[in-house]
Amino acid sequence: MPRRILVTSALPYANGPTHLGHMTEVIQCDIWVRYMKLAGHDCLYVCADDTHGTPVMLKAKAEGVTPEALIAAVGAERQRDFAAFGIGFDNYYTTHSEENRRLTVSMYQALVAGGYITRRNVRQAYDEQAGMFLPDRYVKGGCPRCRTPDQYGDSCENCGATYSPDELIDPVSVVSGTRPVLRDSEHIFFDLGKFEPMLRQWTRSGALQPAVANKLDEWFETGLRDWDVSRDAPYFGIEIPDAPGKYFYVWLDAPVGYMASFENLARRKGLSFDAYWSKDSGAELWHFIGKDILYFHTLFWPATLEGAGFRKPTRVHAHGFLTVNGEKMSKSRGTFLTAGQYLGALPPEYFRYFLAAKLGSGLEDIDLNLDEFATRINAELVGKLVNIASRCAGFIHRGHGGRLADALPDPARSTASSWTPASVSARPGNRSNTRQPCAKSWRSPTAQTSISTGTSPGSPPRTRPAPRKSRRSAPRVSTCSGS
Amino acid sequence: MIYLKPVMPQMAERAEAFLGSRISSWKDAGTPLTGTPIGEYQALATRVDPAAVKKLVETQMTETPAAPPGKDAAKPAEIDAETFARMDLRIGRIEAAELVEGADRLLRLTVDLGADRRTIFAGIREAYDPASIVGRHVIVVANMKPRKLRFGVSEGMVLAASGESGLFLVGPDAGAQAGMKVS
């Protein structure tokens, strides 16, 4: 029976160019979705730009444009890059949309009604010159432990200590360069702790990879803290209805962007929103994410969905980071490759093949070693798979009138099979792995070559009688082409 | 090819055209294609040119540090004398310059800094013929953190001016000696 599946990949943040890390995630997700569609399932893939928050606001200010103009420009470039890599979204939207505002506000109101929202004062760094509260990363100063200068307000890159911005030695605001003061402001909190029993159960329901479920156990041990979901103006985001001058923290409205993108699609296609999102929905909901945003997707997100009366994700599938030649992608280390740089040098589908051949089902990082990249493309894809099609085409045209044989002379020796990858065959809870199909794509036709020839595959076809020619060629071409 | 259709949808379409048969379901992989005419073979995929891969490495190694995204448009922030003093600028004399195989922007320079001798990879190949710069004095950032490139370790940075009209090495007036401090 066909499954009904809604799939999302994490919403890329709208403050910079698309890099190969973004591409790794959407390609993994796109391959999975394309497989599901090909296997006859009713599968939809939605995504959006994540547009709100302080970084977008300040970046727009630095460039002298409005945040709306910035996110429009980034969004257009992003969609161009995704299209170039063949990503088949059913909908790509934005969190800066009316659907998202309405859904976020109504979820918040449901959480208030459910008694999951509290308020209390918070003391926070404030930039008097810029007239704004400063998120931790917008305060820099000396590490209070090892005294290394120029460290962020939340942790030290040198010694790894974590602390709050007011502990920094000689703190300065990144925005204005002045020394911040501490000010009180009332913040709004989501009571995550109330959802612990539900989350503990959901964690072990097959919704997560084992390594992730173990990680969550550590978080349960540490205790679930209230989540601060408000930010003071100026902030680029969605204003909180019962708290003028306060906005929803971007991480509250970003995952709601999955729903908003789907709602936008549903309206155009005449689909039922409730069929996918209501508590008793029979559809599956799969989120593909990077391992850096697990906390948001495996704790906050299912808890807010539950609290607001919606269904929970069927499965959250996390992947590792992309490294380049063994190094973390980093602007300062020069191992930061954008989608545009790649497209200027190499065909996009080769990157898709390389990733598919490398991706496992776990959280391990994936290394883009460029020597290995060339080897895999040239030896596997071109040398094995494509080469067979090209050689056989010659035989079939010269010796058999350009027509495949009517029947296999010995069907038992055919490697054609409707094999289903174990990785994707089963119900939720199973692994997502694309290595097998890739290897099989060239292993089975090459195996066929040796079975069916018995002699060197390059022997000239004219030395053999016609029936044997077709017998050799037909199965080989048919399996490598697969149809 | 059916196995690869989700991975390489465009290549799959080319294969479909070649075989005159559409892949409509994963299950098609269980049925050998028989008794149908095939089209003229056209390249489904071609080999990766190792030079193209290297070009990518080079873009990554040379462009990115020079122009961090988002920073170039903004006016550089002010710095104090202390920050400037952290930079150890020295006069260097280029003793040797060679082309780097596989890197069409880089030259490998051997630079005499008085006290020691450094290997520096500089992105100046488009502007200078290696032989023409041997013997020249240049300004070198001597305490630059060594950078591991694909072609070796670069132990410093040579200063050059650049703009729309090209790229120009920066040097001292006559009389300056290798190793002198620049401040």
Side-chain angles (χ1 to χ4, degrees), chain A residues 16-17 31 34-35 38-40 59 62-63 86 88 324-325 331 334-337 341-342 344-346 349-350 352-353 356 370 373-374 377-378 381-382 386 389-390 393-394 396 402-408 414 416-420 434 437-438 440-441 474-475 477-483, chain B residues 1-12 15-16 18-19 21-50 52-57 59-65 68-70 73-74 77-78 147-150:
Chain A
I31 292 171
R34 283 177 186 271
Y35 166 75
L38 196 58
K59 169 115 182 173
E63 294 191 353
V324 176
N325 281 342
K331 287 180 191 174
T335 48
F336 184 88
L337 279 175
Q341 285 169 337
Y342 176 93
L346 294 162
E349 287 208 331
Y350 290 1
R352 292 179 65 109
Y353 178 84
L370 292 158
F373 179 89
I377 299 303
N378 291 342
L381 197 64
V382 179
V386 169
S390 115
I396 295 167
R403 214 183 139 78
L404 299 176
D406 289 329
L408 301 184
S414 162
S417 82
S418 60
W419 158 84
T420 306
T434 50
C438 284
K440 265 186 103 80
S441 74
V477 175
S478 65
T479 41
C480 73
S481 60
S483 51
Chain B
M1 196 64 231
I2 291 173
Y3 299 152
L4 279 189
K5 188 173 161 82
V7 177
M8 306 182 74
Q10 286 161 18
M11 181 167 138
E16 287 167 352
F18 161 57
L19 292 163
S21 166
R22 251 194 98 60
I23 302 169
S24 57
S25 161
W26 182 267
K27 290 205 175 71
D28 293 349
T31 319
L33 182 66
T34 49
T36 59
I38 61 166
E40 278 303 313
Y41 176 79
Q42 277 166 0
L44 292 173
T46 50
R47 295 175 66 81
V48 169
D49 176 7
V53 179
K54 282 192 177 127
K55 189 176 146 209
L56 189 65
V57 183
T59 321
Q60 161 200 349
M61 292 303 185
T62 55
E63 275 180 10
T64 324
E78 286 182 354
R147 270 176 76 82
K148 213 176 134 204
L149 302 183
R150 210 179 149 71

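Since the model is a prediction, treat every value here as computed from it, not as a measurement. We use all heavy atoms of the structure for the numbers below, so side chains are in, but hydrogens, waters and symmetry mates are not. Below, chains carry the letters A, B, ... as their sequence lines are ordered, and counting in each starts from 1.
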Undergrad: With sequence neighbours excluded, tell me which residues meet side-chain hydrogen bond (donor to acceptor under 3.5 Å, both in side chains) with A/Y350.
TA: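 Once residues adjacent in sequence are excluded, A/Y350 has no partner under the side-chain hydrogen bond (donor to acceptor under 3.5 Å, both in side chains) criterion.
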Undergrad: Considering non-hydrogen atoms only, spot the tightest contact between A/R352 and B/P6 and give its length.
TA: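 Closest pair (atom of A/R352, atom of B/P6, distance): NH2-O, 3.0 Å.
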Undergrad: With no hydrogens and no angle check, is any side-chain donor or acceptor of A/R34 less than 3.5 Å from a backbone partner on B/M8?
TA: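 Checked: no pair found.
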Undergrad: Work out which heavy atom in B/L4 is nearest to a heavy atom in A/L381; give both atom names and the distance.
TA: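 Result for this residue pair: CD1-CD1, 3.8 Å.
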Undergrad: When rounded to the nearest 0.5 angstrom, what distance separates OG1 in B/T34 from CG in A/L404?
TA: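 CG of A/L404 is found 7.5 Å from OG1 of B/T34.
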Undergrad: Determine yes or no for a side-chain-to-main-chain donor-acceptor pair under 3.5 angstrom, with B/Q10 supplying the side chain and A/E349 the backbone.
TA: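 Answer holds: no.
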Undergrad: Looking only at non-hydrogen atoms, find the nearest pair between B/W26 and A/A39 and report the distance.
TA: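 Where B/W26 meets A/A39 most closely, the heavy atoms are CB-CA, 4.2 Å.
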Undergrad: With a 4.5 Å limit on heavy-atom distance, are the side chains of A/I396 and B/Y41 in contact?
TA: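 They are not in contact (no side-chain heavy atoms under 4.5 Å apart), so the answer is no.
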Undergrad: Supply the atom-to-atom distance A/L346 CG to B/D49 CG, rounded to the nearest 0.5 angstrom.
TA: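 One gets 9.0 Å once the value is rounded to the nearest 0.5 Å.
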Undergrad: Between A/N378 (side chain only) and B/V48 (backbone N and O only), is there a donor and an acceptor less than 3.5 Å apart?
TA: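 Such a contact is found between A/N378 side chain and B/V48 backbone.
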Undergrad: Does A/Y353 have any ring-ring contact (aromatic ring centres under 6.0 Å, His included) partners at least two apart in sequence or in another chain, and if so, which?
TA: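 ring-ring contact (aromatic ring centres under 6.0 Å, His included) list for A/Y353, sorted by chain: empty.
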Undergrad: So which atom in A/D406 and which in B/G35 form the shortest heavy-atom distance, rounded to 0.1 Å?
TA: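 Here A/D406 and B/G35 meet closest at OD1-CA, 3.2 Å.
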Undergrad: With a 4.5 angstrom heavy-atom cut-off, could you sort out which part of B/T46 is near chain A: side chain, backbone, both or neither?
TA: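 Answer is both: backbone and side chain atoms of B/T46 are under 4.5 Å from chain A.
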Undergrad: Looking only at heavy atoms, what is the nearest atom pair of B/V53 and A/A374, with distance?
TA: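 Closest heavy-atom pair between B/V53 and A/A374: CG2-CB, 4.5 Å.
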Undergrad: Against chain A, label B/Q42 side chain, backbone, both or neither, depending on which of its atoms sit under 4.5 Å from a heavy atom there.
TA: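 When you check distances to chain A, no heavy atom of B/Q42 falls under 4.5 Å.
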Undergrad: Looking only at heavy atoms and a cut-off of under 4.5 Å, which of A/G40, A/S390, A/A345 has the most pairs with chain B?
TA: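 Top count of heavy-atom pairs under 4.5 Å with chain B: A/S390.
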Undergrad: Can you check side chain to side chain contact (heavy atoms under 4.5 Å, CB included) on B/K5 and A/L38, steps first, answer last?
TA: CA-CA 9 Å; B/K5 188 173 161 82; A/L38 196 58; 4.0 Å; yes
Undergrad: Where is the tightest heavy-atom contact between B/I38 and A/A393, given as atom of each residue plus distance?
TA: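 Residues B/I38 and A/A393, closest heavy atoms: CD1-CA, 4.2 Å.
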